[in-house]
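The next block holds one structure in the form of structure tokens; read it before the comments.
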Amino acid sequence: MARNRQRGRSAAPETVVETVDGGLAELIPDRDRPHGWTLLIDGAPQSHVDLDDPALLTFEYQRRLGHVIDLAAPPGKPVNAVHLGGGAFTLARYTAATRPRSTQQIVELDGRLVQLVRDRLPLDPNARIRVRSTDARAGLAKLPDGWADLVIADVFSGARTPAHLTSTEFLAEVRRVLKPGGHYAANLADGPPLAHLRGQIATAATVFPELALAADPTVLRGRRFGNAVLLASASPLPVAELTRRVASDPHAGRVEHGRALTDFTGGAAAVTDASARPSPVPPASVFT
């Protein structure tokens, strides 16, 4: 099924509505940017992209992931990046714009969504971006040891992270694919009492010795449902610069690391494949 809804004057871009494997996809035109679009799946905002300015990141969590991309290597240096979860390919476009000649792989299970984005929001043909329509963990398994400078996980199905992408076994596979100094970043979503978020930090700590967490302070205090970006590595992280950038964002956030982050987990147990569960269902109010 596909249909368009007219908005405003006849010359204005139209909202694109199409059924994809994961539900109902909507591409909403940005009224302030002629080639800006927001992707929604079943009413849940997934990503925003401006084809004229791929270095623009408007979503709060994507800005924080953008900081991770910026700090993963010296400015402008090409990287090998893996994006688990494609959405509108926003972060891959950002990486290509800010780190030309980077080699990237997007792994997105929803083949119909991939085709919609390719058709309506085409990638720069000069960008070295390959898109695989397969499960994130299966796609990761196909990559060689030590290939990636950066692995970013931003995978949601029905607004929830699938269970098999929350375990120590999954993160062990991520670490296998990373170079010794590579970075892993994950977009996590949780609300009070933050059991999922605490468990994910505890899980990452069993695989990576260096961790940091960036989020809105109200989310960290368990006052509302929201996103948090977990950063992990086998090597020391650029915590000071990440803290400065996150605090300077339009929606200022906070970075936790070290003992404070350990205390935040509150003794939560690491998640294994046997105990894994999807992330919590967001309350309806999150998207209204």
Side-chain angles (χ1 to χ4, degrees), residues 20-23 25 39-47 59-62 64-65 68 82-88 90-91 107-110 113 135-140 151-174 184-208 211-232 253 256 261 264-288:
V20 296
D21 299 333
L39 171 67
L40 282 69
I41 303 292
D42 287 340
Q46 300 292 316
S47 52
F59 282 16
E60 181 179 296
Y61 84 88
Q62 289 184 330
R64 290 170 186 155
L65 288 170
V68 172
V82 180
H83 303 269
L84 303 178
T90 302
L91 293 170
V107 183
E108 170 57 59
L109 179 62
D110 194 327
L113 176 61
D135 172 77
R137 195 154 156 180
L140 198 63
V151 175
I152 297 176
D154 185 15
V155 185
F156 289 87
S157 175
R160 305 175 74 184
T161 301
H164 70 297
L165 304 181
T166 67
S167 67
T168 53
E169 291 90 342
F170 164 67
L171 289 181
E173 188 69 0
V174 169
Y184 169 69
N187 177 31
L188 307 175
D190 199 9
L194 299 178
H196 173 71
L197 184 57
R198 299 181 203 278
Q200 287 303 285
I201 297 165
T203 303
T206 67
V207 179
F208 294 98
L211 301 176
L213 185 74
D216 187 298
T218 60
V219 173
L220 293 175
R221 289 195 290 266
R223 293 184 179 178
R224 70 172 179 87
F225 195 99
N227 297 86
V229 169
L230 177 63
L231 178 60
E256 296 285 9
L261 186 57
F264 177 81
T265 64
V271 176
T272 65
D273 279 346
S275 63
R277 298 291 183 273
S279 63
V281 177
S285 59
V286 169
F287 306 124
T288 59

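This is a predicted model, so every value here is computed, not measured. Keep in mind that the numbers below use all heavy atoms, side chains included, and drop hydrogens, waters and symmetry copies.
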> What do the steps show when you test Arg224 against Val219 for side chain to side chain contact (heavy atoms under 4.5 Å, CB included), and what is the final call?
Replying inline: CA-CA 5 Å; Arg224 70 172 179 87; Val219 173; 3.7 Å; yes

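- Annotation for Arg223: atom CZ does not count as buried by contact number, only 12 or fewer foreign heavy atoms lying within 6.0 Å.
- Summarising the geometry of Thr206 relative to Thr203, their closest heavy-atom pair is OG1-O, 2.6 Å, with the distance given to 0.1 Å.
- Atom OG1 of Thr90 sits about 8.0 Å away from atom CZ of Phe59, to the nearest 0.5 Å.
- In this structure, Asp42 contributes its side chain and Gly23 its backbone to no donor-acceptor pair below 3.5 Å.
- Gly85 and Val155 make their closest contact through N-CG2, 3.7 Å (heavy atoms, listed as atom of the first residue, atom of the second, distance).
- Side-chain atoms of Ile152 and Val68, non-hydrogen and from C-beta on, never get closer than 4.5 Å to each other.
- Leu213 has its side chain within reach of Ile201: a pair of non-hydrogen atoms, C-beta onward, lies under 4.5 Å apart.
- For the atom pair OG1 of Thr168 and CG of Asp273, the computed distance is 6.5 Å after rounding to the nearest 0.5 Å.
- Of all heavy-atom pairs spanning Leu211 and Ala204, the tightest one is CD2-CB, 3.8 Å.
- The shortest heavy-atom contact between Asn227 and Ala189 is ND2-CB, 4.2 Å.
- Judged by distance alone, the side chain of Ser275 and the main-chain N or O of Val271 form no donor-acceptor pair under 3.5 Å.
- Of all heavy-atom pairs between Ala88 and Leu39, the closest is N-CD2, 3.8 Å.
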> Can you check side chain to side chain contact (heavy atoms under 4.5 Å, CB included) on Asp21 and Leu109, steps first, answer last?
Replying inline: CA-CA 9 Å; Asp21 299 333; Leu109 179 62; over 6 Å; no

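- Using cut-offs of 30° and 60° on the angle between ring planes, the pair Phe170 and Tyr184 is perpendicular.
- Judged by distance alone, with hydrogens and angles left aside, the side-chain atoms of Arg198 form a donor-acceptor pair with the main-chain N or O of Phe264 at under 3.5 Å.
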>> Quick one, Leu113 with Ile41, criterion side chain to side chain contact (heavy atoms under 4.5 Å, CB included). Give me CA distance, side-chain angles, the key distance, then yes/no.
In response: CA-CA 10 Å; Leu113 176 61; Ile41 303 292; 4.2 Å; yes

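- In this structure, Leu220 CG and Leu197 CG are separated by 7.5 Å, a value rounded to the nearest 0.5 Å.
- Within the 4.5 Å cutoff, side-chain heavy atoms of Pro280 are placed close to those of Asp190.
- Note that CG of Leu194 is 9.5 Å distant from CZ of Phe225, once rounded to the nearest 0.5 Å.
- Taking the side chain as every heavy atom from C-beta outward, Glu60 and Arg64 approach each other to under 4.5 Å.
- Checked by atom type and distance alone, the side chain of Thr265 never pairs as donor or acceptor with a backbone atom of Ala268 at under 3.5 Å.
- The structure places CG of Leu165 at 10.5 Å from CZ of Phe156, a figure rounded to the nearest 0.5 Å.
- Here the CD atom belonging to Gln200 is positioned 5.0 Å from the OG1 atom belonging to Thr166, to the nearest 0.5 angstrom.
- Within the 3.5 Å criterion, the main-chain N or O of His164 finds a donor-acceptor partner in the side chain of Arg137.
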